[in-house]
Amino acid sequence: MIALLLFSVGCERRADPTPVATPNQPLESQASAPRVESGAQSASDPEVSVDEIKQWIDEGEFEKAEQGLRRRLAIDPTDPPLLFLAARCSYERGELSNALEYLSLIPEDHPQAGLAAQGQAADWLMQAGRLPEAEVRFEKMIQRYGNLPPLHRRMASLLNSQGRRVEAAEHVRQLIRLGDVTEKELLSLTTLSVPFHDEQVDLVSGSPLHQLARAKRMLVQDDVPQARQIAERLYADFPESTAIAAFVGRVYNVMQADDLLANWGAALPSGIETEPEYWAALGQWMLRRGEPKVAVRCLSEAVVRDPTDRVAYLRLAEALAAAGDSAAAERVADRQQLLQQCWQWAINIGFGRDSRHEDMQRLAEKLSEVNRPWEAVAWEFIAAHDRNELDQKLPGLREKRAELAERDPGMDDTLFLTCGVDLAEYPRPDLQSLAAELPTTVSTAATASNRFQLDPVSSANASFGTPFTSAASIKLVDVAKERGIDFQYLNNHSDNDAHIVMYQTAGGGIAAFDFDLDGWTDLYFCQAGGLPNVADGSQPNRLYRNLAGQQFVDVAGDARTDDRGYGQGVAAADLNQDGFLDLVVANIGENVIYINNGDGTFTETTIAGSGGWTTSIAVGDLDGDALPEIVEINYIEDPAAFTAECWGQGFDCTPRIFRQANDRVLRRDADGNWQPWESGSRFAETPNYGFAGVIANFDQSAGNDLFIVNDTKENHFWVSRDGDVSSRFGVANQAALRGCASGASGEEQGCMGIAAGDFDRNGLLDLHVTNYWQQPANLYLQRSSGFFTDYAAQYGIAEPSRATVAFGTQASDFDRDGWLDLAVLNGHVFDPVENNTPEVPFRMPPQLFRGARGGFALDAQATEADLFWSTPTLGRTLAKLDFNRDGREDLVANHLDASLALLENQTAGGNWLRLDLVGVTSERDAIGAHVTVRQADDVWHGWVIGGDGYLCTNEPTVDFGVGDYSQVAEVKIQWPSGAQQVFTNVDTNQSYLVVENDDRLVPR
């Protein structure tokens, strides 16, 4: 839920209000209306005065003005005021060439009019769209007249309006040194890889060169097709433009179109290596290709040329980590975080928040840390002016400027910019070789005419046998009412969609678990309906007991699980290891544990120190003691989030205007109390807007890891490592090093839900992450253990997900063809009509993606199975289970505006295998266990996972679709304890119970 910020603040405070001595009148006033003094009138002119000529031009009487000018110029053809008026008369008549000719008659070295005439000519050329000519004139004036602020200001505007941000920045830096820079211009320097929008100069002429800036805005807004269309048209028209060529490479990289990148790299204009965007595109491409050392070289080249590029630094950290230089990777990641903080403070300043003075001071401090002292001092000037403290601080600030001018450290220290990485130690890319190998390395999906629709059976990303292919569509049918489930989540929302408040947007949790151990999966639903932070102010949560797959009956009251807090997420896990699954309920307010007594009832305990806004709960062993930890994933810690309405004045329910919260990991102490895990992690130091999490041993090293998606901020990936005396393992956040902090664009996204599974069947656990409007979903694939790359574009997920606000997601092989499919619930968080964007839908239909060897494609026939898939709703939580034990996974879906749906899987698909694991030496729930199934050339992988989904807990079964196979040759289980079990010649179409260290497969 992130709103794009293209800097367009209107304040024009100068960083140093001291006037700068400049010869003659400022360029703006000279050029726009040349002063005509009465003394310039010739005494020999019997009829027409200069003032009369000027009045005629003002009134559009151009014929009269021209006649008068002829008479006057016949007497004095070199008079500058007359030539200015003649030029203006021609310009107003649409005769630009004549106007420029008149101005050229004014000598460049004329002490009063030379500079003004050239400036006016350059301005008219800009307005006419003749930008290269205007640029040449401005450069010539700078060479002739030196560092005049108006000249640098014009050049910065001219270049920024074309998207040439790095070149524009040099002129803004000159304005800083001259003490004549505005707040808006300072903001433009924060991050040069994003567009800068100046409403006064941007797109004033309609020149095609301005379209580069527009295309860059389209790309930042994730409108990739439009950005590509503009970029390719510009490249065809201006093939020698290095700025355009570099941007084309960036677009192709976002598209993950390797064939286009190879062809692009084989024929580039001279001078392209000066463009940081060129190197950044190459670096990200090389990283995706699995060539981290080449990626290090390219990305280092990029940051040397643009040290503000947060995304290039992020990818450089990933490349270094993948290349094995963890120390350098950590240094680069730290630099990226500093730049990220600079960006955040700049956004706050642009928003005009109450904390703008403090934000300016923080921004100045961070800029000093990244060796940008001139900008830092300029922000100190702005802050002092804002606080009315300029008089007292001016002497000290001028002294700082004088010291900088004396030593002028600049930004040319390559090793500083690369955080110690020596470029010479890493190879450059061989673009010609990449182009030569194109026919054998590029998938047919990438060469299709429509690069945003993937043929899911056309590209071979792995070498497997032929999978079962179902001709029938996936069929998931809502049977909630006929099975006795009558539930709708209540969020205390009024009838007016315009007045929704932040806390009313998330939805309610679902847990699918067999609480009474009768073999049939039951359902628990979180409820709200009252006010947040009130322990007993909402409607009761519901526990539906499953009666042999035929009916569900609400037993929450009898079971004593009818919590009345403002419900959010819920987890089911065996907290006390007694064999019965317990519940952990997340509220806005105090969180609650329900211990399963084993007799159909539960005992309630409040979690000490909770009391905030917890969205999701994940449970699993993180410290390696074979006992579970509880992870509270927290969202916002700000009372304003419970009163501010999501409409009016541009507020669209973005969490960024509220204070973020810290997640917590809780361990059970010797007395049975749950206490924060202080020594094993740095959770308390990394606040964020958390929504969902997954616990699993992602990298198959040490213990379990924890992935958390965050809304509008970087995701967290807590990786297990050797612990201290208090635990076998600790965890450290390495999302920035492992490729999952943000998506393919490198920018933060509004992340909500997670689905985990081996989507490409390479034996490593992958992640599907849902996102906000115009932000494509992520498909983080592990291509080497513990390292992710977002392949959403190549695998057909990006474009169909772009025009959605997506929440709950689940991965399951619904048609049993051997490949995971995806189901997604969609729905906006606020009514866009209230923010004057009626073209954006509020309610949205869910989506069903069918998986195959090459990726995913929307199942267009799903709507024929049930109206659920064609009905727009405000979808939120989605969980999976096999409620009727027919071997086909079903879904249960929650909404903000509709009753809960129980989606029975009626697909006529292939064969299947389901395993329930019970740990003995390992934690009883066996979170982190890895199951491998083999038959002939086919291999499938599954994991026991803590968390997953969005605000929910799935049925704890490892599920496989195995296509045509009625038997599999081998089932291998790697337990969290390190123990391994292998079973051979296992019949499919059967559920089995597997107990650690027991050599039996027990049919269920």
Side-chain angles (χ1 to χ4, degrees), residues 2-15 152-153 156-157 159-161 163-177 181-199 202 213 216-217 219-221 276-277 280 302-314 334-353 355-383 386 410-411 417 656 712-714 742 745-748:
I2 184 169
L4 173 69
L5 177 68
L6 298 177
F7 287 124
S8 58
V9 292
C11 39
E12 293 291 328
R13 299 173 182 82
R14 298 295 169 95
H152 287 294
R153 181 158 288 118
S157 296
L159 294 168
N160 270 327
S161 71
R164 295 161 61 186
R165 302 272 285 112
V166 174
E167 296 169 80
E170 289 304 315
H171 295 279
V172 178
R173 294 188 186 108
Q174 285 300 320
L175 291 173
I176 294 175
R177 285 168 168 79
V181 68
T182 68
E183 180 177 323
K184 183 190 295 184
E185 289 163 340
L186 272 179
L187 285 171
S188 77
L189 293 180
T190 310
T191 300
L192 301 179
S193 58
V194 300
F196 173 72
H197 182 49
D198 188 337
E199 295 174 350
D202 201 14
K216 289 189 174 185
R217 282 197 292 277
L219 192 64
V220 170
Q221 293 167 349
E277 208 163 32
V303 299
V304 166
R305 290 162 175 78
D306 178 10
T308 75
D309 191 338
R310 299 168 291 120
V311 176
Y313 272 110
L314 176 66
D334 289 343
R335 174 71 55 79
Q336 192 270 345
Q337 281 301 300
L338 286 173
L339 294 174
Q340 195 68 35
Q341 291 166 10
C342 289
W343 175 243
Q344 181 60 60
W345 304 138
I347 287 177
N348 292 351
I349 295 167
F351 271 133
R353 294 177 60 173
S355 61
R356 59 180 275 112
H357 300 137
E358 292 78 9
D359 293 336
M360 287 179 188
Q361 191 59 46
R362 294 188 190 103
L363 178 56
E365 293 169 0
K366 297 301 178 185
L367 287 169
S368 294
E369 291 185 52
V370 294
N371 198 29
R372 290 157 65 179
W374 281 101
E375 290 175 68
V377 173
W379 278 114
E380 290 185 56
F381 269 103
I382 295 286
D386 260 22
M411 297 175 61
L417 296 178
R656 300 284 294 246
T712 77
K713 297 292 290 294
E714 305 99 327
S742 57
S745 69
E747 299 290 345
E748 306 95 331

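Side chains are part of it too, since the values below use all heavy atoms of this structure and drop only hydrogens, waters and symmetry mates. The shown structure was predicted, so the numbers you read here are calculated from the model rather than taken from an experiment.
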Enquirer: Taking Gly163's backbone N and O only, do any of them form a donor-acceptor pair with Lys216's side chain (distance below 3.5 Å, no angle check)?
Expert: yes
Enquirer: Do Asp309 and Pro276 touch side chain to side chain, with heavy atoms closer than 4.5 Å?
Expert: no
Enquirer: Would you give the length of the straight line joining atom CG of Leu189 to atom CD of Glu170, rounded to the nearest 0.5 angstrom?
Expert: 9.5 Å
Enquirer: Would you find a donor on one side and an acceptor on the other, under 3.5 Å apart, between the side chain of Arg165 and the backbone of Ala213?
Expert: no
Enquirer: Between Gly746 and Ser742, what is the shortest heavy-atom contact and its length?
Expert: O-OG, 3.2 Å
Enquirer: To the nearest 0.5 Å, tell me how far Lys366 NZ sits from Gln337 CD.
Expert: 10.0 Å
Enquirer: Which atom pair, heavy atoms only, marks the closest approach of Thr190 to Cys342?
Expert: CG2-O, 3.7 Å
Enquirer: For Gln361, what residues pass the side chain to side chain donor-acceptor pair (under 3.5 Å) criterion, not counting sequence neighbours?
Expert: none
Enquirer: Just verifying a value: how many Å separate Met360 CE and Leu363 CG, rounded to the nearest 0.5 Å?
Expert: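 Between atom CE of Met360 and atom CG of Leu363 there are 9.0 Å.
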Enquirer: Kindly indicate, with the supporting measurements, whether the criterion salt bridge (charged side-chain N to carboxylate O under 4.0 Å, His left out) is fulfilled by Arg362 and Asp359.
Expert: CA-CA 5 Å; Arg362 294 188 190 103; Asp359 293 336; 2.8 Å; yes
Enquirer: For Ile349 and Ile382, run side chain to side chain contact (heavy atoms under 4.5 Å, CB included): C-alpha distance rounded to whole Å, both residues' side-chain angles, the deciding distance at 0.1 Å, then the answer.
Expert: CA-CA 11 Å; Ile349 295 167; Ile382 295 286; over 6 Å; no
Enquirer: Provide the closest heavy-atom pair for Ala302 versus Ala280 in the form atom of the first, atom of the second, distance.
Expert: CB-N, 3.7 Å
Enquirer: With sequence neighbours left out, write down each residue that passes side chain to side chain donor-acceptor pair (under 3.5 Å) with Glu365, or none if nothing qualifies.
Expert: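 Scan of Glu365 (side chain to side chain donor-acceptor pair (under 3.5 Å), adjacent residues dropped) gives none.
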Enquirer: Donor-acceptor pair, Ser368 side chain versus Ala376 backbone, under 3.5 Å?
Expert: no
Enquirer: Between CG of Leu338 and OH of Tyr313, what distance do you get to the nearest 0.5 Å?
Expert: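 Interatomic distance, Leu338 CG to Tyr313 OH, rounded to 0.5 Å: 10.0 Å.
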Enquirer: Would you sort out whether Thr308 and Arg372 count as a side chain to side chain contact (heavy atoms under 4.5 Å, CB included), showing the intermediate values?
Expert: CA-CA 10 Å; Thr308 75; Arg372 290 157 65 179; 3.6 Å; yes
Enquirer: To the nearest 0.5 Å, how far apart are CZ in Arg335 and CG in Leu339?
Expert: 7.0 Å
Enquirer: Got a donor-acceptor contact below 3.5 angstrom from the Arg656 side chain to the Thr712 backbone?
Expert: yes
Enquirer: Does Glu747 form a salt bridge (charged side-chain N to carboxylate O under 4.0 Å, His left out) with Arg310? I'd like the steps, not just the answer.
Expert: CA-CA 9 Å; Glu747 299 290 345; Arg310 299 168 291 120; 3.0 Å; yes
Enquirer: Could you go through Leu314 and Glu714, starting from their C-alpha distance and side-chain angles, then the distance that decides it, and tell me whether this counts as side chain to side chain contact (heavy atoms under 4.5 Å, CB included)?
Expert: CA-CA 11 Å; Leu314 176 66; Glu714 305 99 327; over 6 Å; no
Enquirer: List the steps and the verdict of side chain to side chain contact (heavy atoms under 4.5 Å, CB included) for Arg153 and Thr182.
Expert: CA-CA 10 Å; Arg153 181 158 288 118; Thr182 68; 4.2 Å; yes
Enquirer: How long is the gap from CZ on Arg177 to CH2 on Trp374, to the nearest 0.5 Å?
Expert: 6.0 Å
